[in-house]
Amino acid sequence: MKGGPAVPNKELDVGLCVSSGQVFRWRQTASGFIGVDGPNVMEARKGRGGWVLESRPDPDAATRLFQLDRSLEPITQEIIRRGPELKPFIEAYPGLRVLRPKRADETLFSFLCTTNNNLARITRMVETLAGYGKRIEDGRFEFPIAERLAEVGEAELRGKGFGYRGRTISRAAAQVATRGSSWLDSLKGLPYDEARSALCELDGVGLKVADCVCLVGFGFETAVPVDTHLWRAACDLYFPEWEGKSLTEKRYLAVGDLFRDRFGEVAGWAHQYLFYHRVLAYRGGKAPVYYEQ
DNA sequence: AGCGAACCGGAC
DNA sequence: TCCGGTTCGC
């Protein structure tokens, strides 16, 4: 287990990253955070010079997950240059990054748990799914492949409190399994919109879940998942005429296109800051504060 | 095309 | 009563 040089706080905030709705298998510890990604267990603690990350068995796994080979500064500067109205949100969450988990299938099935759901329950459900995978060490599991999830079946998942998601997860797992072991990852090689369309063929996967998989699972950084929080934020900032209206497919696509037009290659990152700000405001129960640019 | 309701179960 | 969404039916 290697603990590289400390990563400056300006470049990384592990707590923000792992609690911003991209991954669901990280927990707070006395000294920091511990989580699983792919076959690796990672620990992070905050030292004097910043965050110290360790991962086992692959010592480089955390570098990949947090994309530490990329500097955050140019990305946030580009967002602010293109959209000064987001400056307050960028500055409020230094070290927030778009993550890059090892396995897109874990991202897919995790986000199938998120529909019409809350974070506490999502976390428990993802942990339950992980429990069907191979044990790595005490209480930690490698997320199961689709073939294994397909065997579990709807009834058992419903029995474990998945509700109607027991059906969609079970069916989507069977569909992914049928398409073959390399199908999901092969979508990475497609243009973004084609990969998204292919994902939407799966049971229970609509535009939002597909965009989550595209952004976090595949690394398409022009993908912009529009959930209820981002929808409201986007109405406030960019579509005042849609305030209070429902999120239709047409409007969903328009929000994504606005972000892609305005932020280009950093659209997905821009979305992450605005999304997380809105989530925190929601959790705090207070109205989100917006600033003049 | 666009809106509303159902869907499971738990949090607020 | 309301979801961090998808799907179906008006």
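Quick note on labels: first sequence line is chain A, next is B, and so on, each numbered from 1. Scope of the values below: all heavy atoms of this structure, side chains included, with no hydrogens, waters or symmetry mates.
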- Message: Heavy atoms only, 4.0 Å cut-off, all strands: where does A/Phe111 land among base, sugar-phosphate and nothing?
- Response: nothing
- Message: How many whole angstroms separate atom NZ of A/Lys245 from atom P of B/dG4?
- Response: 10 Å
- Using a cut-off of 6.0 Å, state whether more than 12 heavy atoms not belonging to A/Lys10 lie near its atom NZ. no
- Item | Interatomic distance, A/Leu230 CG vs C/dG4 C1' [rounded to whole Å] | 11 Å
- Item | Length of the CG-C1' vector between A/Leu119 and C/dG4, whole Å | 9 Å
- Query: If pairing requires Watson-Crick or G-U wobble contacts with both distances under 3.5 Å, which nucleotide is the partner of C/dT1?
  - Reply: B/dA11
- Task: Answer with base, sugar-phosphate or nothing: what part of the nucleic acid does A/Gly204 contact at a heavy-atom distance below 4.0 Å?
- Result: sugar-phosphate
- Query: C/dG5 P sits how many Å from A/Leu247 CG, rounded?
  - Reply: 8 Å
- So A/Val41 and A/Ile136, side-chain contact (heavy atoms from CB on, under 4.5 Å) or not? Walk me through it. CA-CA 8 Å; A/Val41 176; A/Ile136 302 174; 4.0 Å; yes
- Mind checking the P distance from B/dC12 to C/dG4? Whole angstroms is fine. 11 Å
- Look at the side chain of A/Thr115 and decide which nucleotide, out of C/dT6, B/dC3, C/dG4, has an atom nearest to it. C/dT6
- Round to a whole Å and report the spacing from CZ of A/Arg278 to C1' of C/dC3. 15 Å
- Is the gap between the ring centers of A/Phe89 and A/Phe275 under 6.0 Å? no
- Query: Can you check the A/Leu108 CG to C/dG5 P distance for me, whole Å?
  - Reply: 16 Å
- Which letter, B, S or -, goes with each nucleotide of nucleotides 5-12 of chain B from 5' to 3', with contact meaning a protein heavy atom under 4.0 Å? --BBBSS-
- Rounded off to whole Å, could you give me the OH-to-P distance for the A/Tyr252 and C/dG4 pair? 15 Å
- With rounding to the nearest 0.5 Å, note down the distance linking CG in A/Leu119 to OG in A/Ser19. 8.5 Å
- Nearest-angstrom distance, C1' atom, B/dA5 to C/dT1: 15 Å
- Query: Distance check: side-chain N/O of A/Lys250 vs OP1/OP2 of B/dG2, anything under 4.0 Å?
  - Reply: yes
- Say you pick atom P in B/dC8 and the same atom in C/dG9; how far apart are they, in whole Å? 15 Å
- Item | Distance-only polar pair, side chains of A/Ser71 and A/Glu73, donor-acceptor under 3.5 Å | no
- Item | Salt-bridge present (A/Asp236, A/Arg278; N to O < 4.0 Å) | yes
- Message: What verdict does the side-chain hydrogen bond (donor to acceptor under 3.5 Å, both in side chains) test give for A/Gln272 and A/Tyr93, after you've listed the backbone C-alpha separation in whole Å, the side-chain angles of each residue and the deciding distance to 0.1 Å?
- Response: CA-CA 10 Å; A/Gln272 193 63 33; A/Tyr93 308 105; over 6 Å; no
- d(CG, A/Leu207; C1', B/dG2) in whole Å: 15 Å
